[in-house]
Each structure stands twice: as structure tokens, then as C-alpha cells.
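Presented below is the structure to which this report refers.
Positions are given from 1 along the sequence.
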Amino acid sequence: MKDSEVKKRLDKVINSPMLQINILAALTGAFAAVVTWIFINLTNMIKEFFYGNSFVNHSLRSTDNEWLIIFIPALGGLIAGLIIEYGSKDAKGAGVPIVMEAVAFKQARLSAKKAVAKFFASAASIGTGMSLGRVGPMIVISSTIGSEIGQRTGKTVEETRTIIGCGAASAITAAFNAPLGGVLFAIELILAELKTRSFIPIVIAAVIATAVTRSLAGDVAAFDKIPHYTLGSPIEYPFYIILGLVIGLAASIFIKLMNFVEDNIENIKGIPVPLRTCLGGLCVGLIALSFPHVLGNGFDVTSDLISLDPDNSDGLIIGESFPVDTDISSGIASLLLFILSIMALKIIATSISIGSGGSGGIFTPSLFIGAAIGAGLGLVLYDFGIVSHPGAFALVGMAAFVASMTRATLTAIVLLFEMTATYEIILPLMLSCVVADAVCYVISEHSFYTSKLARRGFHIDLGAGQDLMRMIEVKEAMSEEVLTIKPDRPLEVALQMIEDTGHMSLPVLNENGELYGIITWSDIHEAAVKHERHLTVKDYCVTDLITITQRETLAQALDSLSYKEISHLPVVSKADNKKLIGIITKGDIIKAYNRHRLGSQKTSWQG
């Protein structure tokens, strides 16, 4: 082979887009792992400063200053609120919806300024004990690293989306030492697609992130001290189905509760954001005075819940998070009541923390809540002698709750396996997860993440490869400059207007400017056939209208147009269906679809 041919082939490999994106994926994985490690250590430092090594057995406990615990989360909420108010409004809440929105609607552009605000606001919230998790902020920060790398290297929107997925996968990988879970999270939730062009870079990013994380923090499973669980008997399967049913119902209630709390708090006018987050932290502190188990992400409590297992003396292994005077010699009632209490209080504390505008995620609080529900059911069955490992139900409940909250069922299954290094209960785990997800899907159309976007008019269908028609709103495609006509005008005038403008229909407005009907060229043609062109618009216009609002999607508009085989659809106000604000046609829908589809081929920085 000639040297020139070798050089050409080498140049082709070096300039290959796939090689370039894989190199950028590796860089993203490395940077994301380091930043995630820094973030985790910063939150731990803040926690240790105020509480010592543990939220539950904190340094203020049983001292004269124990009451100060009320004000520590309030301080964190105040600091976070100030950062949100003066740094970035988007720094509040879970964060994952921001990434999903950027990938689906905003040309894969994430703001570095917002990520920095998220970094410090979340560290303040979580470190001081607000009932929030670290995963959401880490995903935002790592995804922003990917977005910045993609934009600054001139990659297309599609390529930048892939690199954002690399960042999200790296965050999960670094947080839980779970590379497979990280890859699946990016595929299921962030990109919502499985293609070779995105799968390979995401895997590379996860591998690099794993290597970097293990060099910094060691190779240890997230939950590395749990008993070895197995399925005791096939008789247990129906009870895992029951667990899935209960978890799915609980998750749907939790989603609705958090949205309800957030909506009602946001509707309170006159309270500045810093004061609102401070009051949220104060509420968490009041709960923590008696039940410090609700503080922070609850990782230690979760670990103790999934470790509930018989000891050598027919008792149960009770972790450090449980009261030292817990007596199960006369039954499990007191322990069961305690677990259900901290579960309910964790739900309330997390709803308040999110609703008041605190900065943090819901992933690890979801692990806590799911583990508590599973532990409760497991204890009851253990007390009746049906099962021998109540902690196994806590383990499965943990994954099932995450699956139903996020609709990332496969991620939850694989992630739990990696976090616990337990494969023996994979079958009941899969069963409970899919049952919980199905129940939550029936009751709550959206996951926690997509519900946040849906309330703002952004619709993401995770089951349809992010179909553009379901993601673009009518307002982006409709025509606002609408030619209208009055009902008493002659049909000849309507025909002349249609011929002069080329429009195939005219909305009909009454004397009060209200939508009365619509008249089309075919209606006028029908009048001509019947020799009735001397009549008025009112005689031939259609008054039984199908309308749509500007916040509905193109898919819904297309369905409405196809329902009666019409080509024009009046767009009306959601508050008043007689107020015309535009019109949309099949042609408008096609143009908007193509505009978004072709937009993905531009470089990300071009917008």
C-alpha cells in the first residue's frame, strides 16, 4: 500500500465525525465525574459542619442546643433562595426537566451560568438538610458540561444532544458507581432513543466516568453492606405484585401532591423567593426536631431499611437510623409504625422542599419512600411467617418507586442491581417495577419529570422516540393574522375574498367579534351548484366548530383536522372559546414540523 493511500485513510479516520464525538464523549465523562465528585464532597462538608457524620445521629442530638436544628435547613433555604433570585430562576427544583426540555425543544443549549447557580444552590439546600437529593443537580451540571463542549466545538444539535446524554449518563455513573444504569438513564429519559450513533458515545462516557470516579472514591457499590437476599418461595410472587400495586398508587399520589404544593405556594403573591425557600426549610426543620430521618437525601436511612433481616437470635437487624429502644420481641407493631411515620413525613418534607423552591432532586428521596413502603409490607408478611427476608421487599420497593416516578423502568431495574450487587431477586424486582409503572401510568399520565414540563406546555412522549408532532405547540405553527367575515355578508363577497387572497376558508365573527362559524370554498361551491350564491354567509357557514387552543400540540391539531377531514382549524383562547386568536392548517403543521426537523441539523450554537 502506498504512503499516500495510508495517509488518506488515516486522515479519513481522524476527521471521522464518529471519532470526534467519541473523543468529546470521553472528555465529557471525565469532566462530569470530577465535578460530580466535587459536588458530593461539598454537600458532605456542609452536612458535617452542621450535623457531624450523620443527619439522624447528628451532633446536636440530646444537647441543650438541639432546637437549633429547626433553623439549619431554613438557613440553607435562605442561601439557596438568594442564589435562585439573583443567579438563576431555573436553579430551583429537580433539574432533570430542564435537561429534557433543552434536548427536546431548545437545540440542546444549556446555560453554564444556570448550572453554576444550580451547583451552589443545591449544595446549600441538601447540605443543610432540606429533603432533597443530589442526583438531579448532578445531572444538570454534567449535562451542561456536555452542552458547552458540543456548542463550543461546533457540533450539530443532534450531536450536542448526544453529548448531553453523555453528561447525564456520567452523573448517574459517578453518583452510584453504576455505569449500566447511567447509560440506560440517558437513553430512556434524556434522549429517549436507542441508536448506534448515540449509544456508543454514551457508553464511552460512562466507562471513562466510572474509571475516574473509582480512582477518586474507590470501587464500592452504593449499598455495599446489605444481606444476601434470595427468593424464598414462588408463593412470594403475588405479594411482589401487591407491592407493585401499592407503590404505583403511592407514586402517583406523590407526583400529584408535589405539583399541588408547588402550584399553591407559587400562587401566593408578595413572598420573595428567598423567604419562600427559607420558610420551606423551616418547616423541614420543625419535622426534623422529632424525626431527623427526613433530613437530606435519606441515603443512610434507606440503607438501613433495605438491610432489615433476621439475625441469629430470631430478631431483626436494626440499623443505626432506627430508635435504640425499638423492641420487636412482642411484635413488629412499633417498628412498623415508626417506618410508616418516617415515610409519610419524608413525603411531606420532600413536597415542601420542592414546592417552596428548594434546589435539589427527588431521585434519592424516592429511594427512601419506596424502601419504606416495601419494608412495611415485608415486615407484615414476615410477622405472619410468609416471607423470611423483609428487607428484600424494601429493596424491590425502592426500585419500583423510582421506576413509577420517572417512567425509567429498565434504568431502575439495572440501577438497583448495580447499587446492591444483588441479582438473586431480579425476577420479583422486574415484576414489581413493571406493575408499579403500569399503575402509576394509568393514574398519572405524566412522570414527575414530564409533569413539570406539561404544566408549562411542553409535551414529551418518552414512548414514541420524542415524536416532534407531540412536542411542538400550536402557537408555533398557527397564523395570527386572520382574515374574517361577518355572518350577514353576501356569499359573493366571501367568494371574492377567497379568490383574492388564496385562502380556502374564512372564520366568521359576529357583531361582537365572537367566533360564530367558518365558511370554506367548498361551502360556497355548494351554494353555487344550488344556484344560491345570492344568500348570506350565515346561510352556508359551519357553526358546529371544532377548535383548538394554542397550548395544544400539533399531534392534537392533526387529529382534529382528520376527524372531520377538514383543512382549517380555528385557534381560540383557552379561557374563552369564542375568542379567535389564530388559525392553523395542515400546511402550517407541515412547515412547523420541517422547521424543527431541519433545525436539528444546524450546529447547536447557531440555535
Side-chain angles (χ1 to χ4, degrees), residues 21 23-43 88 90-91 93-103 106 108-123 126 133-153 155 159-191 198 201-217 222 297 359-361 363-364 406 408 411 415 449 604:
I21 199 169
I23 292 172
L24 296 179
L27 288 173
T28 301
F31 282 124
V34 172
V35 172
T36 297
W37 178 78
I38 293 171
F39 179 76
I40 291 173
N41 280 276
L42 177 60
T43 56
S88 170
D90 288 335
V96 175
I98 295 173
V99 179
M100 296 171 72
E101 179 185 345
V103 168
K106 294 188 174 179
R109 288 178 293 178
L110 286 164
S111 166
K113 176 186 174 183
K114 293 177 180 178
V116 172
K118 186 74 175 175
F119 183 97
F120 291 106
S122 296
I126 300 164
R134 296 184 293 209
V135 175
M138 290 189 291
I139 290 171
V140 173
I141 296 161
S142 298
S143 296
T144 303
I145 291 172
S147 177
E148 285 291 318
I149 289 175
Q151 292 180 67
R152 293 181 184 280
T153 54
K155 295 302 172 187
E159 290 170 333
T160 306
R161 283 172 178 155
T162 297
I163 303 173
I164 286 177
C166 293
S170 301
I172 294 289
T173 297
F176 297 118
N177 192 19
L180 284 176
V183 170
L184 290 174
F185 182 89
I187 291 171
E188 276 196 287
L189 279 182
I190 304 303
L191 300 182
S198 55
I202 289 173
V203 169
I204 289 173
V207 170
I208 297 298
T210 303
V212 172
T213 301
R214 289 177 180 176
S215 67
L216 293 171
N297 59 17
S359 184
F363 198 94
T364 37
T406 64
T411 297
L415 192 60
Y449 297 140
S604 184

Would a 4.5 Å heavy-atom cut-off, applied to side chains only, mark R134 and S122 as touching?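 When only atoms from C-beta onward are counted, S122 and R134 do not touch, as no gap falls below 4.5 Å.
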Check: T43 and N297 side chains under 4.5 Å, non-hydrogen atoms: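 A side-chain contact is absent here, since even the closest heavy-atom pair is not under 4.5 Å.
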Audit row: V135, I172, side chain to side chain contact (heavy atoms under 4.5 Å, CB included) steps and yes/no: CA-CA 7 Å; V135 175; I172 294 289; 3.5 Å; yes
Going from [atom1] on [X] to [atom2] on [Y], what distance comes out if it is rounded to the nearest 0.5 angstrom?
{"X": "I98", "Y": "I139", "atom1": "CD1", "atom2": "CD1", "value": "11.5 Å"}
{"X": "I202", "Y": "I21", "atom1": "CD1", "atom2": "CD1", "value": "9.0 Å"}
{"X": "I126", "Y": "T364", "atom1": "CD1", "atom2": "OG1", "value": "7.5 Å"}
{"X": "E148", "Y": "T153", "atom1": "CD", "atom2": "OG1", "value": "10.5 Å"}
{"X": "K113", "Y": "S88", "atom1": "NZ", "atom2": "OG", "value": "7.0 Å"}
{"X": "L191", "Y": "L189", "atom1": "CG", "atom2": "CG", "value": "10.0 Å"}

At their closest point, which heavy atom of [X] faces which heavy atom of [Y], and how far apart are they?
{"X": "K155", "Y": "T160", "answer": "O-OG1, 3.6 Å"}
{"X": "Y449", "Y": "P97", "answer": "O-CG, 3.7 Å"}
{"X": "S142", "Y": "T28", "answer": "O-CG2, 4.5 Å"}
{"X": "V96", "Y": "G136", "answer": "CG2-CA, 4.1 Å"}
{"X": "V99", "Y": "S143", "answer": "CG1-OG, 3.6 Å"}
{"X": "G181", "Y": "L415", "answer": "CA-CD1, 4.0 Å"}

Backbone of C166 reached by a side-chain donor or acceptor of S170 within 3.5 Å: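 Yes, S170 side chain to C166 backbone: donor-acceptor pair under 3.5 Å.
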Please check this pair: side chain of R161 against backbone of A108, looking for a donor-acceptor N/O pair closer than 3.5 Å.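 No.
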Please step through side chain to side chain contact (heavy atoms under 4.5 Å, CB included) for the pair M138 and I40, ending with a clear verdict. CA-CA 9 Å; M138 290 189 291; I40 291 173; 3.8 Å; yes
Pair F185 and F176, ring centroids less than 6.0 Å apart: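 F185 vs F176: aromatic centres not under 6.0 Å.
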Between T144, I164, L24, which is the residue that forms a side-chain contact (heavy atoms from CB on, under 4.5 Å) with I149?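 When side-chain contact (heavy atoms from CB on, under 4.5 Å) is applied between I149 and each of T144, I164, L24, only L24 qualifies.
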Using the side chain to side chain contact (heavy atoms under 4.5 Å, CB included) criterion, which residues pair with T210? Sequence neighbours excluded. T173, N177, P179, R214
Determine whether V212 and W37 satisfy the following criterion, side chain to side chain contact (heavy atoms under 4.5 Å, CB included), listing intermediate values before the conclusion. CA-CA 10 Å; V212 172; W37 178 78; over 6 Å; no
